[in-house]
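Only heavy atoms go into these numbers, but all of them, side chains included; no hydrogens, no water, no symmetry mates. Along the sequence shown, residues are numbered consecutively beginning with 1.
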Amino acid sequence: MNKKFPKTEKLKSTKTIETLFSEGKTYTKFPIKVFFLPNNEINTNLAAFAVPKRNFKSAVDRNRVKRQLREAYRLNKHLIEESENTRFMMLFLYLGKVKPEYVQLEKSMLKLLKKLQEDNS
């Protein structure tokens, strides 16, 4: 089980992110909302993380929340990698207005990843 999060698994394409917002499906488990599209043409799952500037004016706070989201994903991504047949492009959006506890983020991330795995297998 690989617990790394290399560059090859990061979603960076602006066009793809726009497609996620316009055509993607969503699941929400407060304080995280995930936009996703199944895509079998890619080799690995691709993920991106966003925290609105509207909710956190300070870049330091936004970056901390993104770091916590990445860590929660990195440690639990094996839940969706177990199925070899479906790959996803995902964008995780933080909805809360206060700095989160990591435990709360991890619980939400676990539930979202399990729901992705169950509904799309």
Side-chain angles (χ1 to χ4, degrees):
M1 179 169 50
N2 185 5
K3 294 217 175 198
K4 294 182 179 180
F5 187 51
K7 275 187 178 181
T8 55
E9 293 181 14
K10 294 179 180 162
L11 178 61
K12 298 177 185 174
S13 167
T14 307
K15 286 184 180 179
T16 307
I17 292 171
E18 287 174 2
T19 306
L20 275 176
F21 279 114
S22 62
E23 300 172 17
K25 300 174 188 169
T26 63
Y27 292 142
T28 304
K29 175 67 181 128
F30 191 79
I32 304 172
K33 182 175 192 175
V34 62
F35 294 84
F36 68 96
L37 274 174
N39 186 348
N40 293 327
E41 299 170 7
I42 54 178
N43 297 331
T44 62
N45 293 312
L46 299 177
F49 304 89
V51 179
K53 192 173 185 179
R54 179 186 307 161
N55 298 346
F56 293 94
K57 301 295 183 203
S58 169
V60 174
D61 294 337
R62 286 193 306 275
N63 291 337
R64 178 173 176 81
V65 175
K66 283 191 278 190
R67 213 168 30 248
Q68 289 176 321
L69 285 170
R70 277 194 304 269
E71 184 68 2
Y73 172 75
R74 182 185 72 83
L75 294 175
N76 298 299
K77 68 181 182 173
H78 61 89
L79 296 171
I80 56 172
E81 288 179 342
E82 291 169 353
S83 72
E84 295 293 322
N85 54 358
T86 307
R87 299 285 179 221
F88 296 102
M89 296 182 296
M90 302 167 281
L91 184 132
F92 294 92
L93 180 66
Y94 182 75
L95 301 173
K97 296 193 185 315
V98 295
K99 287 193 264 184
E101 292 290 324
Y102 176 75
V103 176
Q104 180 189 16
L105 281 181
E106 191 168 30
K107 283 181 187 176
S108 296
M109 183 68 71
L110 270 169
K111 289 184 180 176
L112 285 172
L113 292 176
K114 285 180 183 175
K115 188 167 175 73
L116 261 175
Q117 177 63 30
E118 291 167 6
D119 293 353
N120 295 294
S121 21

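- Inspection of the Y94 and N55 side chains reveals no N or O donor paired with an N or O acceptor under 3.5 Å.
- In this structure, R54 and K57 approach most closely via the heavy-atom pair O-NZ, 3.7 Å.
- Within the 4.5 Å cutoff, no side-chain heavy atoms of Q117 are placed close to those of L79.
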Donor-acceptor pairs under 3.5 angstrom involving side-chain atoms of residues 102-115: please list them, not counting sequence neighbours.
residue, atom, partner, partner atom, Å
E106, OE2, N76, ND2, 3.4
S108, OG, F30, O, 3.0
S108, OG, Q104, O, 3.2

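- For K99, the side-chain contact (heavy atoms from CB on, under 4.5 Å) partners two or more places apart in sequence, or in a different chain, are F56, D61.
- Remark: E18 pairs with no residue by the side-chain hydrogen bond (donor to acceptor under 3.5 Å, both in side chains) rule, at least two apart or across chains.
- The minimum heavy-atom distance linking Y27 with N120 is given by the pair OH-ND2, 4.2 Å.
- Residue I32 is grouped with residue L116 when hydrophobic side chains (ILVMFWY) are merged at heavy-atom distances under 4.5 angstrom, including chains of intermediate members.
- More than 12 heavy atoms of other shown residues, nucleotides or ligands fall within 6.0 angstrom of atom CZ in R62.
- Side-chain contact check for T16 versus L46: every heavy-atom pair is 4.5 Å or farther apart.
- The heavy-atom pair separating A48 from L11 by the smallest distance is CB-O, 3.6 Å.
- A47 is linked by a side-chain contact (heavy atoms from CB on, under 4.5 Å) to F5, F49, Y73, M90, F92, counting only residues two or more places apart in sequence or in another chain.
- If you chain together hydrophobic residues whose side chains sit under 4.5 Å apart, F36 and I80 fall into the same group.
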List, one per line, each side-chain donor-acceptor pair under 3.5 Å for residues 37-45, sequence neighbours excluded.
residue, atom, partner, partner atom, Å
N39, OD1, E41, N, 2.9
N45, OD1, F88, N, 2.8

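- The side-chain hydrogen bond (donor to acceptor under 3.5 Å, both in side chains) test applied to E9 returns K77, not counting sequence neighbours.
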